[in-house]
Amino acid sequence: MILHTLIDYDILRVIWWLLLGVLLIGFAVMDGFDLGVGMLLPFAGKTDLERRIVINTIGPVWEGNQVWLILGGGAIFAAWPPLYAVSFSGFYLAMFAILAALILRPVGFKYRSKREGARWRRNWDWALFVGGFVPALIFGVAVGNVLQGVPFRLGSDLRIFYDGSFFGLLNPFALLCGLLSVAMLAMHGANWLVLKSSGPVAARARSFARIAALATIGLYALGGLALWLFVDGYRITSVIDPSGPSNPLAKTVETSAGGWFANYATHPWMLLAPALGFVGALLVLWGLRSGREIGTLLFSKLSIFGIISSVGLSMFPFILPSTVQRGASLTVWDASSSHLTLFIMLFVTVIFLPLIAAYTAWAYKLLWGKVEEDDITGGGHAY
């Protein structure tokens, strides 16, 4: 018996769809508060010392958190090659903007305090703001475009052709999703600052967290309403073999108004995801009022989990619909790597993902506690 046949191909495909969701949520939860703190830096800290406190709340952990982005990109490349090809080529300029903004972060952290000049440090503070705001916005815009469908098509030899443009991605619904992403991660970053700082910084962060939580609730509700009224969902209309070959052209697809809500009618348990999106943000407001610093951070993680999960559950089994050739839309059943590849990747993931999680937990335990003024003025390794 060949070892990889112990797990059916269709089950492996679903497992990797779930793992992709885990990695994307892991990135939003772990690196999301880094992006949120970057966005809040010019506003949560009014003096140079306060801004150094803000930076040092994430300084020791942001590099490790960014591993989740690399893991997510690697999983897309290895498990879903057509998805990688369309998204990383069609969204090329958007990806370039994200990478350029992310590059500002390590440079900003390392160089900001190398000189005493107020202008020098202020410019790097705004560079770190860009490094947080731009990725948060564009990731949300990308999700909005995925929900609407992307203008790509496949040739008879399965070559991919992208017919869109960068500015075509900046449509109203996608920008709404981008603003939701910004609000969600700003809420998460503010809750991190509440937990890791004290005094005026924590007080300002608490105010920003309330505003961002309210914005998250409002924008998420507005996004759901817009998805129902203005965005067509996709549905497979032909027989499809979940264990069949990866050929997106071997099916037919149609669109329908409100189609992305069909899964919730078929599987009511899925309603738990959007409910958690709302409940998590509401609990953030309650946690801030009751002074539960650890709780508010966990509640914002819960909200992020619910919001991102609701996108995947709404679209299942689609992972990237096409607006110009509906039958070419990529699904869980026809856009994956081979049976053997998915099995080998799963074997490797089962070994290494727990190690990454364990190391991350150990690092956070070691670095636990608030960043105080003495930690900055006392020298050492403070940014």
Side-chain angles (χ1 to χ4, degrees), residues 7-28 72 75-76 78-84 86-87 139-140 142-150 152 173 177 180 220 223-224 226-228 231-277 304-323 325-337 339 342 345-346 349:
I7 305 179
D8 293 338
Y9 196 14
D10 58 331
I11 294 176
L12 272 174
R13 282 169 159 166
V14 173
I15 288 173
W16 270 102
W17 174 78
L18 290 171
L19 282 174
L20 179 60
V22 168
L23 294 174
L24 294 178
I25 292 171
F27 167 68
I76 293 174
W80 311 99
L83 174 62
Y84 180 89
V86 175
S87 58
F139 281 131
V143 172
N145 279 280
V146 168
L147 283 166
Q148 295 175 101
V150 176
F152 73 93
F173 179 76
C177 293
L180 171 59
Y220 189 38
L227 190 66
W228 172 265
V231 179
D232 290 342
Y234 287 64
R235 182 172 69 91
I236 298 174
T237 56
S238 59
V239 176
I240 189 168
D241 181 8
S243 298
S246 292
N247 180 8
L249 296 179
K251 67 178 182 304
T252 57
V253 175
E254 69 176 14
T255 59
S256 61
W260 287 140
F261 292 83
N263 282 345
Y264 297 114
T266 306
H267 307 286
W269 63 267
M270 290 185 177
L271 289 169
L272 182 62
L276 290 177
I304 291 171
F305 173 82
I307 291 171
I308 297 178
S309 296
S310 67
V311 175
L313 292 173
S314 297
M315 294 181 61
F316 186 86
F318 290 90
I319 52 178
L320 190 64
S322 170
T323 57
Q325 188 184 8
R326 294 171 185 169
S329 299
L330 306 181
T331 73
V332 172
W333 312 127
D334 58 23
S336 72
S337 292
H339 194 169
L342 294 183
M345 289 174 56
L346 181 62
T349 301

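Since we're looking at a predicted model, the values are computed, not measured.
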Looking at CG of Asn263 and OG of Ser310, how far apart are the two atoms once the value is rounded to the nearest 0.5 Å?
12.0 Å
Looking only at heavy atoms, what is the nearest atom pair of Ala273 and Ser309, with distance?
CB-CB, 4.0 Å
Are Ile236 and Phe318 close enough that some pair of their side-chain heavy atoms sits under 4.5 Å apart?
yes
Is there a side-chain contact between Val146 and Met315 in this structure, where contact means two heavy atoms from C-beta onward sitting under 4.5 Å apart?
yes
Where do Val253 and Thr237 come nearest, in terms of heavy atoms and distance?
N-OG1, 3.8 Å
What class does the angle between the rings of Tyr9 and His339 fall in, given that below 30° is parallel, 30 to 60° is tilted and above 60° is perpendicular?
parallel
Any chance you could lay out the side-chain contact (heavy atoms from CB on, under 4.5 Å) test for Thr323 and Gln148, step after step, and finish with the verdict?
CA-CA 8 Å; Thr323 57; Gln148 295 175 101; 5.8 Å; no
Do Phe173 and Leu227 touch side chain to side chain, with heavy atoms closer than 4.5 Å?
yes
Taking the side chain from Ser337 and the backbone from Leu342, do they hold a donor-acceptor pair closer than 3.5 Å?
no
Nearest atoms (heavy-atom pairs only) where Tyr234 meets Ser322
OH-O, 3.2 Å
Rounded to the nearest 0.5 Å, what separation is found between the CG atom of Leu330 and the CH2 atom of Trp80?
10.0 Å
Of the non-hydrogen atoms in Trp260 and Leu147, which two are nearest, and what is the gap between them?
NE1-O, 2.7 Å
Nearest heavy-atom neighbours spanning Ala75 and Met345
O-CE, 4.4 Å
Which of parallel (below 30°), tilted (30 to 60°) and perpendicular (above 60°) describes Phe316 and Trp333?
perpendicular
Calculate, to the nearest 0.5 Å, the distance between atoms OG and CD1 belonging to Ser336 and Ile319 respectively.
8.5 Å
Can you check whether Thr252's main-chain N or O pairs, donor with acceptor, with Ser238's side chain at less than 3.5 Å?
yes
In terms of heavy-atom contacts, Leu249 and Gln325 come closest through CD2-NE2, 3.5 Å
Between SG of Cys177 and CD1 of Ile307, what distance do you get to the nearest 0.5 Å?
10.5 Å
For the side chain of Lys251 and the backbone of Gly327, is there at least one donor-acceptor N/O pair under 3.5 Å apart?
yes
At what distance, to the nearest 0.5 angstrom, does CG of Leu23 lie from OG1 of Thr349?
7.5 Å
Let me confirm one number: the CG-CD1 distance from Asp334 to Ile240, rounded to the nearest 0.5 Å.
4.5 Å
Any chance the side chains of Arg13 and Thr331 put a donor and an acceptor closer than 3.5 Å?
no
